[in-house]
Amino acid sequence: MNKQPKYRQVADALRREIDNGTYPPGSRLPSESDLSTRFDASRNTVRSGLSLLVTQGLISSSQGLGYEVAKHEVFELNASRFENLSFPQNGDAYSTDVTNAGRRPHQTFRVELQPAPEYVAERLLVDAGATTVLRHCHRFVDDVPWSTQATHYPEWLVKKGPRLTEPGDIAEGTTRYLASLGVTQIGYFDEIATRMPTPEEARLLEIGAGVPVLLWTRTGYSDERPIRCTITTFRGDLNRMNYEIGDLSARSENEPQ
């Protein structure tokens, strides 16, 4: 005997059908009336089950149009190759990865001088409130919001790389630009976290109810000191991150031909 509340039984049944492709991404679910008949449940019970799937990011609702299964065209980012100076690039690392995946990149920029928040100052080894150059980037994949990225550079670095303060894109990417000036990133420290989005993040990334964000903080180092701290905020439903560490020759040898 199923002891779960009826609305959860409705949600579980529909979730299974979404997972197995009965209702593929972008398709519409049956009406509340039809679902009430199918599950022998009241409209309120069905609506509660559907609302649960909305909060979990599996479906979306629009007034007068019913419920639609969320589209999840996931983009996979290789974080260990991202910004690697030996990896062939066409433009910056983001544009290269998106283009190589057969997708279309687009990004907008904002540059400002800003006091370093405490968590950034700790990573850059500067005093809290010290001036940093903040390069903020809003990135899209196929015109769908993909991420926001905020990179803080310590003020001393501007004397070596004045283009850091220029609004707009640095076509080759800031990592390669700085390397051309003798400030080479030779290592980085990554931190990965998840949380629910702020209202501003939800607006910029067009995140539906119940969808978390993935936070990727990368602190880059030269051979002397930290040179930047980058916080990238991804839509949790449209992104997957991987790393390559060590010798993976066995993986390539065993991939299906």
Side-chain angles (χ1 to χ4, degrees), residues 1-79 97-98 101-104 138-148 190-217 231-243 251 255-256:
M1 182 177 178
N2 195 331
K3 295 182 179 180
Q4 280 195 318
K6 187 74 171 183
Y7 78 94
R8 285 191 173 273
Q9 295 177 40
V10 171
D12 287 348
L14 292 174
R15 186 186 300 106
R16 285 193 296 271
E17 292 172 346
I18 291 171
D19 289 342
N20 68 25
T22 301
Y23 299 112
S27 66
R28 295 201 179 280
L29 295 181
S31 68
E32 291 180 1
S33 177
D34 289 343
L35 291 173
S36 294
T37 300
R38 172 187 168 185
F39 290 106
D40 189 23
S42 70
R43 288 278 291 269
N44 284 340
T45 296
V46 166
R47 193 171 295 127
S48 294
L50 292 168
S51 295
L52 181 58
L53 296 181
V54 169
T55 63
Q56 294 171 346
L58 293 176
I59 64 174
S60 60
S61 66
S62 53
Q63 193 167 4
L65 296 176
Y67 297 85
E68 182 178 290
V69 180
K71 297 178 182 178
H72 293 281
E73 194 168 358
V74 174
F75 184 83
E76 189 160 315
L77 174 71
N78 187 300
D97 278 7
V98 175
R103 311 282 288 274
R104 188 174 65 258
H138 191 191
R139 289 173 165 167
F140 300 78
V141 174
D142 296 335
D143 296 324
V144 176
W146 180 56
S147 70
T148 62
D190 281 5
E191 301 164 79
I192 310 294
T194 59
R195 60 167 169 75
M196 298 308 293
T198 66
E200 177 68 1
E201 289 166 347
R203 182 184 68 81
L204 288 174
L205 296 175
E206 298 180 7
I207 297 176
V211 177
V213 290
L214 172 68
L215 298 177
W216 176 27
T217 302
I231 302 98
T232 307
T233 306
F234 295 100
R235 280 181 58 156
D237 59 337
L238 296 182
N239 291 279
R240 181 183 298 118
M241 186 180 294
N242 60 50
Y243 286 82
R251 179 174 184 265
E255 286 180 347

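Any value given below was found using the heavy atoms of this structure, including those in side chains, with hydrogens, waters and symmetry copies removed.
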**Asked** Closest approach of Ser48 and Tyr7, non-hydrogen atoms and distance?
**Response** CB-CB, 3.7 Å
**Request:** Over 60° means perpendicular and under 30° means parallel, so classify the ring planes of Trp216 and Phe234, tilted if in between.
**Result:** parallel
**Prompt:** Just by modelled atom types, is the Pro30 backbone N or O under 3.5 Å from a matching donor or acceptor in the Asp34 side chain?
**Reply:** no
**Item:** More than 12 heavy atoms of other groups within 6.0 Å of Asp19 CG
**Value:** yes
**Message:** Looking at Asp142 and Arg103, would you say the former's side chain and the latter's main chain have a donor-acceptor pair under 3.5 Å?
**Reply:** no
**Prompt:** Side-chain contact, heavy-atom cut-off 4.5 Å: Arg195 with Leu215?
**Reply:** yes
**Prompt:** Taking side chain as C-beta onward, heavy atoms only, is Leu35 less than 4.5 Å from Leu14?
**Reply:** yes
**Prompt:** When rounded to the nearest 0.5 angstrom, what is the spacing between CG in Leu58 and CG in Leu53?
**Reply:** 5.5 Å
**Asked** Is the closest side-chain heavy-atom distance between Asn242 and Glu76 below 4.5 Å?
**Response** yes
**Asked** Say you draw a straight line from NZ of Lys6 to CG of Asp40; how long is it, rounded to the nearest 0.5 Å?
**Response** 6.0 Å
**Item:** Minimum side-chain heavy-atom gap Leu214-Ile192 below 4.5 Å
**Value:** yes
**Request:** Drop me the distance from Glu32's CD to Thr37's OG1, to the nearest 0.5 angstrom.
**Result:** 12.0 Å
**Asked** Should we say atom CZ of Arg38 is surrounded by more than 12 heavy atoms from elsewhere, each under 6.0 Å from it?
**Response** yes
**Fill in**
In this structure, OG1 of Thr148 is separated from CD1 of Ile231 (nearest 0.5 Å) by 9.5 Å
**Side chains of Trp146 and Leu238 in contact at under 4.5 Å (non-hydrogen atoms)** = no
**Prompt:** What closest approach, in Å, do Ala79 and Met241 show between heavy atoms, and which atom pair accounts for it?
**Reply:** CB-CG, 3.7 Å
**Complete:** Between Asp12 and the options Gln9, Arg15, Arg8, the side chain to side chain donor-acceptor pair (under 3.5 Å) test singles out Arg15
**Prompt:** Got a donor-acceptor contact below 3.5 angstrom from the Ser51 side chain to the Arg47 backbone?
**Reply:** yes
**Prompt:** Which distance, rounded to the nearest 0.5 Å, do you find between the CZ of Arg240 and the CG of Leu77?
**Reply:** 11.5 Å
**Complete:** Between Ser147 and His138, the two heavy atoms sitting closest are O-CD2, 3.6 Å
**Message:** Exactly one of Val211, Val213, Leu205, Ile207 should register a side-chain contact (heavy atoms from CB on, under 4.5 Å) with Asp237. Which one does?
**Reply:** Val211
**Side-chain heavy atoms of Phe75 within contact of Val144, under 4.5 Å** = no
**Request:** Kindly compute the distance separating CD1 (Ile59) from CZ (Arg28), expressed to the nearest 0.5 Å.
**Result:** 11.5 Å
**Shortest non-hydrogen contact from Pro197 toward Pro212** = CD-CA, 4.2 Å
**Asked** Taking all atoms of both residues into account, what is the closest heavy-atom pair of Thr45 and Ser42, and its distance?
**Response** OG1-OG, 2.9 Å
**Request:** Please name the pair of heavy atoms, one in Val46 and one in Ala41, separated by the smallest distance, quoted to 0.1 Å.
**Result:** CG2-CB, 4.3 Å
